[in-house]
There are 2 protein chains.
Amino acid sequence: MPKETFFNLPEEKRQHFLEIALAEFASHDYANASISRIVAQAGIAKGSFYQYFADKAELYRYLLELGAQQKAQFLATPPPEADMDIFAYLAWLAQAGVQFELAHPQLSQIGYRAVKSGDVPSELMQQARASAYTFFAQLVAQGKTQGSIDAQIDEELAAFIFHTIITELGGYLLSRVEENAADRLADGRSFFDSPAADLFNQTIHILQFGMGAR
Amino acid sequence: MPKETFFNLPEEKRQHFLEIALAEFASHDYANASISRIVAQAGIAKGSFYQYFADKAELYRYLLELGAQQKAQFLATPPPEADMDIFAYLAWLAQAGVQFELAHPQLSQIGYRAVKSGDVPSELMQQARASAYTFFAQLVAQGKTQGSIDAQIDEELAAFIFHTIITELGGYLLSRVEENAADRLADGRSFFDSPAADLFNQTIHILQFGMGAR
DNA sequence: CCCTGATGTGACTGGTCAGTCATATGACCT
DNA sequence: AGGTCATATGACTGACCAGTCACATCAGGG
C-alpha cells in the first residue's frame, strides 16, 4: 500500500502519475519496468517517488490491486442469478472479460503478464490463481447437479479448460476484429452485434456440447 | 548462428556450456538472463563468449533453434498416417508434447516463455506462431471433410482452441501428477498408464464431442 | 627456436538501474 | 520574523549489465 503522502497528493497529480506508471508496467514486465523512466515522464523527482512508495514492488502491487478492483467491479455489475445455466453464466463471464479488456487494456495487460510468465511468484499471485481455479471448479460442480455437465468429467480438469479458454479467448477475438475495436467500446452492448459474437457463441457451444451428458 | 570457434570447441566443453546457458535462459527471461552469470558458471572468460557468439541475442536464437529441432524430432517419430481421425492425431500430438516437456523441461520452458509474454517479438516468433495456427487450421479443415468436425464451426477459431489447449494442457497435467514425473520419464509408453492419461483422454473427448457434427 | 594465426582472458567502458540522503522549499502557526 | 513540520529534489552510491580490446597463451610449421 502506498504511503500517506501519495494520497495527500492533489487528485490530478496522483492520477497523472498512475496513468504513466500504468503505461510503463503495461509495456514492460516487472523486471524491465523502470522507476527512473516513470518519474522522468511524470515530471517528479526520483526522491519524491520514494516518498510515495516504499519501493518498486509496492507500486506494482498497488497497480495489480487497482486492476483487481476494477475487474471485480466489472464482474459484479449484473449479479449472477442463482441457478442460471452455467454455460450461460460462463458466456456472460467471458463477455465481461472482453469488455474489461476493451475498457482497460493496460490493466488487462499487466494482469495477464502477472499470471503468465512466472513474474511475481509471490504467494499473493499463487493464491489468486488457486482461487480462480476453485471458483471454476465450483461452477463445474454446479453444472453437474444441473445436469448440464457429464458427471464423469473431472471437475478440476473442466475448471482448467474453462479457465484457460476464458483467459485466452478475449485476446484472440480482439486480435481477429482489431480494426473497429474503438467503435464497439463506445457502446457496451454493441459487442454482441460485432462479428466476434458468433465466434464467441461457437466457443461456448463447443464447451457445452463437449461437456454435456453423453 | 554461433561462430565457427564455437563448433571448434571440444565436444564436452561445448555441451557443458550449452547446459549452463540452457539453465540460465530457462530460469530467467531474455532480459534477465545474464551472460556474465553464464560465463562465470561455465568457467570461461567473458571475452571467450564473444568469440563464440556475436551477442546475447545470437545465443538465445541458437537455443530456441535447438529446442525447435528437438521438438520437431519428437513430433516426427511416428509419421502421421494420412487419413487418421484428426482427434486421434490431436491426442497423439498432445501426448508427444507432454513427452517432450518431460524429456526437455528447460527447452520447454524457454519455448513457452518465447511464445507467451511478448519477449522476442522478432518476425521469427510471429512467423512460428502463425505457422502453428495454420497447421491447426488445416487439421480442422481435414476434420470437416472427414465429417468429424461440424462444417459450421469457424476453422480459425477451432484452430485457436486446439492450439490453446495443446499448449497449456501438458503443463497442467504435469502439475497435477508432479510427484512421480521422473518415473514416467523412464519409459515413454508408461505415460498412458499414469493417472494423467484419463484426464488427457477426457480433454480430447470434450473437444471431439464439442466440435462434432450436431 | 621463433614466427604466425587462432584462441583465451579479464579489466575496462559506458550504460541503466533501484534506492538514499543532505539539502531546499513551502505552508502554517506563533 | 522565527520556528516547525511535511514534502520536494536530484546528485550520488553501489550494483549489475552487455559488449570491447589490448594483451597473453598456445599450437604447429618452418
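Letters go in sequence order (proteins before strands), and every chain restarts at 1.
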Between [X] ([atom1]) and [N] ([atom2]), how many Å, whole number?
X: B:F49; N: D:dA18; atom1: CZ; atom2: C1'; result: 9 Å
X: B:K3; N: C:dG5; atom1: NZ; atom2: C1'; result: 16 Å
X: B:N8; N: C:dG5; atom1: CG; atom2: P; result: 17 Å
X: A:E24; N: C:dC17; atom1: CD; atom2: C1'; result: 12 Å
X: B:I35; N: D:dC17; atom1: CD1; atom2: P; result: 10 Å
X: B:Y60; N: D:dA18; atom1: OH; atom2: P; result: 15 Å
X: B:Q51; N: D:dC21; atom1: CD; atom2: C1'; result: 11 Å
X: A:F17; N: D:dA8; atom1: CZ; atom2: P; result: 12 Å

Query raised in the report: To the side chain of B:D55, which of C:dG8, D:dT7, D:dG19 is closest?
Result: D:dG19
**Report entry** Options C:dA18, D:dC17, C:dG10, nucleotide nearest the side-chain atoms of B:A45
**Finding:**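 Output: C:dG10.
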At under 4.0 Å between heavy atoms, what does [X] touch on the DNA or RNA strands: base, sugar-phosphate, or nothing?
X: A:A40; answer: nothing
X: A:L59; answer: nothing
X: A:A57; answer: nothing

Query raised in the report: Sub-3.5 Å donor-acceptor pair from the side chain of B:K46 to the main-chain atoms of B:I35, do we have one?
Result: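 Here the side-chain-to-backbone pair does not exist.
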**Report entry** Under 3.5 Å: donor-acceptor pair, side chain of A:Q142, backbone of A:I86
**Finding:** no
Query raised in the report: How many angstroms lie between CZ in A:F136 and CD1 in A:I161, if you round to the nearest 0.5 Å?
Result: 12.5 Å
Query raised in the report: Between A:F74 and A:H104, what is the ring plane arrangement, given parallel below 30°, perpendicular above 60°, and tilted in between?
Result: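 The arrangement is perpendicular - the two ring planes meet at more than 60°.
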Establish, with yes or no, whether the OP1 or OP2 oxygen of [N] is under 4.0 angstrom from a side-chain nitrogen or oxygen of [X].
X: B:Y50; N: D:dT20; result: no
X: A:Y52; N: D:dA8; result: yes
X: B:R37; N: D:dC17; result: yes
X: B:S34; N: D:dA18; result: yes

Query - Comparing A:S36 and A:S48 on DNA chain C - which has the more 5′ nearest nucleotide - result: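 Looking at the nearest nucleotide for each, A:S36 comes out on the 5' side.
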Report task. Test for a donor-acceptor pair under 3.5 Å between the base of D:dG19 and the side chain of B:K46, counting only N and O atoms. Result -> yes
**Report entry** Over-ring placement of B:K56 relative to B:F49, 6.0 Å and 45° cut-offs
**Finding:** no
